[in-house]
Amino acid sequence: MKNTALTSTHEALGAKMVPFSGYNMPVQYEGVNIEHETVRNAVGVFDISHMGEFLIEGKHALELIQKVSSNDAFKLTIGKAQYSCLPNDDGGIIDDLIIYKIKEETYLLVVNASNIDKDWNWIQSKNSMGATMRNISEDYSLLAIQGPKAIEAMQSITSHDLSAIKFYNFVVDDFAGIDHVIISATGYTGSGGFEIYCKNSEVKQIWDKVFEAGANFGIKPIGLAARDTLRLEMGYCLYGNDINDSTSPIEAGLGWITKFTKEFTNSEALKTEKERGTDRKLIAFELDERGIPRHNYDIIDSNGNKIGIVTSGTMSPSLGKGIGLGYVPTVFSTIDSKINIQIRKKAVSATVVKLPFYKS
Amino acid sequence: MNIPSELKYTKDHEWIAINGDVATIGITDFAQSELGDIVYVEVETLDETLDADEIFGTVEAVKTVSDLFLPLSGEIIEFNEALEDEPESVNTDPYGTGWMIKVKISDVSQVERLMSSEDYKALIGA
């Protein structure tokens, strides 16, 4: 079990720690609901240093990235980030990731902790052009500072005008007394804010100064449990639940990051899929009655036939009702369609809705 | 950890208050703290007569679902409907407003097999 540079800090704060993707991670501090509300209404901080980071460099860097990723990284300029995925050869997804263009011929790829080795080996297997690859996952820490008050709360600890960083843009500047920190206007919550990349040796100082600066804004540490409810209210896919090696980006609703302006792994087949349409789709649904849908519960039609499976589900803290994502045949995927979720012995009625569940 | 001495307990982390042949049942302070924020309590067995150790309902926290086991055979005569709107009462007041069901006990001698507060303390290492 690996620790992040902040594990002892979380333990001292009384966090409940759980094993997650091989790391000892805080799942909650005070309680999921209060942490969720803190991010929706104020500002909260997540240690997500378990995430993986690869640097791809050299004159073939872009060529390699274009080959392995579904989005068009050619469109990236320095200071911009892009959500993308790594398709496999069989129609599925190796991982989803964010690609940063740090400078000319230098890109940072941020991948899921559980997929670090798989992604690394996959990208390396496609690196026939000889781009330089460095796995810096063990050396870098990542904090997500999220919420509507994030900009205001953090402005006192950086000389950079935080309000000027547009969504999915980043700067490398001073933060919490450390030079050359990546301040990225990205996140997995839908409530705005930043993700901060720094060296492991720097993260404790940053963590402490972030909490000092945020004290008057009600800042709190946030665990992985609230990270999951926050992302699910936005309908953001979680790798391993909603997308995996056998789900295609098209059926997962990730057509918007699948660009046929270039060739990439399995792009021919995906293009055909996009043109013809898929047999099944990832849908978002809300329960019409009380109950909580959960990962792997069956989705059934009005006759009781199984038509699909729930990939993520929870009680939405913001909406106060059961929400979920799941795959169903395309015929059931239109907005306002009625489906049922099998919860223990009961079929609970649900309605297909448009994302996001939570609108700020 | 709050473990009131006047209550009875089970290894499934339920508490039982006996009043004549009626038992009031909920989950312990330890159980609620392990589960975290409770978001739903489902009891679909109202008016049914069940044997001891049968499932009478489920309690759902944000991340987990746990079955609730009936500590004593009997008829489920009441469900705490206030939990439908305020399931968080199980977290904030597990032995009070967070009670879950009342049972008309079929065989009062079964009370003998329940754990004392001392036994329960030993079980959870409190």
Side-chain angles (χ1 to χ4, degrees), chain A residues 14-20 25-40 220 222-233 238 241 287 289-297 310 312-324 341-348, chain B residues 1-2 12-13 27-48 50-51 53-70 76 79-94 97-98 100-101 124-126:
Chain A
K16 187 172 177 183
M17 306 297 286
V18 295
F20 184 84
M25 297 298 287
V27 66
Q28 71 165 55
Y29 300 82
E30 205 176 323
V32 189
N33 288 333
I34 181 80
E35 291 169 31
H36 183 105
E37 283 164 28
T38 297
V39 173
R40 285 283 179 251
K220 287 178 190 287
I222 314 294
L224 292 179
R227 185 169 165 81
D228 191 50
T229 54
L230 287 158
R231 70 93 194 167
L232 188 48
E233 283 187 344
L238 172 64
N241 279 35
L287 294 195
E289 307 159 36
R290 284 175 187 279
I292 305 171
R294 303 271 183 187
H295 179 59
N296 278 341
Y297 282 8
V310 176
S312 288
T314 196
M315 171 68 90
S316 161
S318 303
L319 278 64
K321 53 177 146 182
I323 60 170
I341 310 301
Q342 188 70 42
I343 301 179
R344 295 179 283 280
K345 290 174 192 160
K346 209 164 60 172
V348 178
Chain B
M1 200 60 66
N2 183 12
D12 299 313
H13 308 287
I27 65 168
T28 64
D29 192 23
F30 175 79
Q32 70 77 20
S33 75
E34 286 295 302
L35 288 168
D37 287 355
I38 287 161
V39 289
Y40 190 44
V41 179
E42 183 182 80
V43 172
E44 303 255 291
T45 51
L46 190 60
D47 299 331
E48 288 180 25
L50 301 179
D51 287 333
D53 299 327
E54 280 197 87
I55 294 167
F56 72 85
T58 47
V59 55
E60 301 207 34
V62 174
K63 294 303 267 182
T64 55
V65 186
S66 302
D67 287 328
L68 295 164
F69 297 96
L70 197 63
I76 319 286
F79 166 57
N80 181 6
E81 285 174 7
L83 295 181
E84 291 190 346
D85 293 321
E86 290 179 347
E88 62 273 19
S89 302
V90 178
N91 293 116
T92 55
D93 189 14
T97 53
M100 290 176 174
I101 55 165
I124 62 170

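Labels below follow one simple rule: chain letters A, B, ... track the order of the sequence lines, proteins then strands, and each chain is numbered from 1.
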- prompt: Which atom pair, heavy atoms only, marks the closest approach of A/R290 to B/E84?
  reply: NH1-O, 2.6 Å

- line: Note: vs chain B, highest number of non-hydrogen pairs under 4.5 angstrom among A/Q28, A/H295, A/K346, A/H36 is A/K346

task: Run the numbers on A/N33 and B/V39 for side-chain contact (heavy atoms from CB on, under 4.5 Å), then give the verdict.
output: CA-CA 9 Å; A/N33 288 333; B/V39 289; 4.1 Å; yes

Contact summary for B/D37 and A/I34, nearest pair of heavy atoms: OD2-N, 4.2 Å

message: Given heavy-atom pairs under 4.5 angstrom as the criterion, report whether the side chain, backbone, both or neither of A/K345 touches chain B.
response: neither

query: If you look only at pairs with a residue in residues 59-68 of chain B, which of them pass as a salt bridge (Lys or Arg N to Asp or Glu O under 4.0 Å), with sequence neighbours excluded?
result: A/D228-B/K63, A/R294-B/E60, A/R344-B/E60

query: Can you name the residues that form a ring pair (Phe, Tyr, Trp, His ring centres under 6.0 Å) with B/F30, not counting sequence neighbours?
result: B/H13

